[in-house]
Amino acid sequence: SGLFSTADDIATWCREILAVAHGASGWLRPETLATFWGFPSQIASPGWVAGWEIPSRENGLNDSGLPARWRGFMANSTNALWIDPATGLS
């Protein structure tokens, strides 16, 4: 199955990842997040980066309208989580 949690815990985690991206976290440096999430041109496995999905032809999200910089997860149970560190959206 995978990792299970509450909506509140996931929201807390998303806020922290966004804080990391903007240099406002003591947990990770923005450079560390950038290394793990990379850029699509640097990714060997299309559609995935460090366990996160990116909009791509392989996962059917290339025509979704999501920017390539977004990272997310879509579960088999139709739950989804997408994060855009550049704009602070999750």
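Being a predicted model, the structure only gives us computed values, none of them experimental. Heavy atoms only: backbone and side chains are in, while hydrogens, waters and symmetry mates are out.
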Does Arg29 have any salt bridge (charged side-chain N to carboxylate O under 4.0 Å, His left out) partners at least two apart in sequence or in another chain, and if so, which? Glu31
Between side-chain atoms of residues 14-23 and protein atoms elsewhere (two or more places apart, or another chain), which donor-acceptor pairs fall under 3.5 Å?
{"residue": "Arg15", "atom": "NH2", "partner": "Thr12", "partner atom": "OG1", "Å": "3.2"}
{"residue": "Glu16", "atom": "OE2", "partner": "Ser25", "partner atom": "OG", "Å": "2.3"}
{"residue": "His22", "atom": "NE2", "partner": "Pro85", "partner atom": "O", "Å": "2.6"}

Trp82: side-chain hydrogen bond (donor to acceptor under 3.5 Å, both in side chains) partners, not counting sequence neighbours: none
Drop me the distance from Leu81's CG to Trp13's CH2, to the nearest 0.5 angstrom. 7.0 Å
Between CH2 on residue Trp27 and CG on residue Leu33, distance to nearest 0.5 Å: 8.5 Å
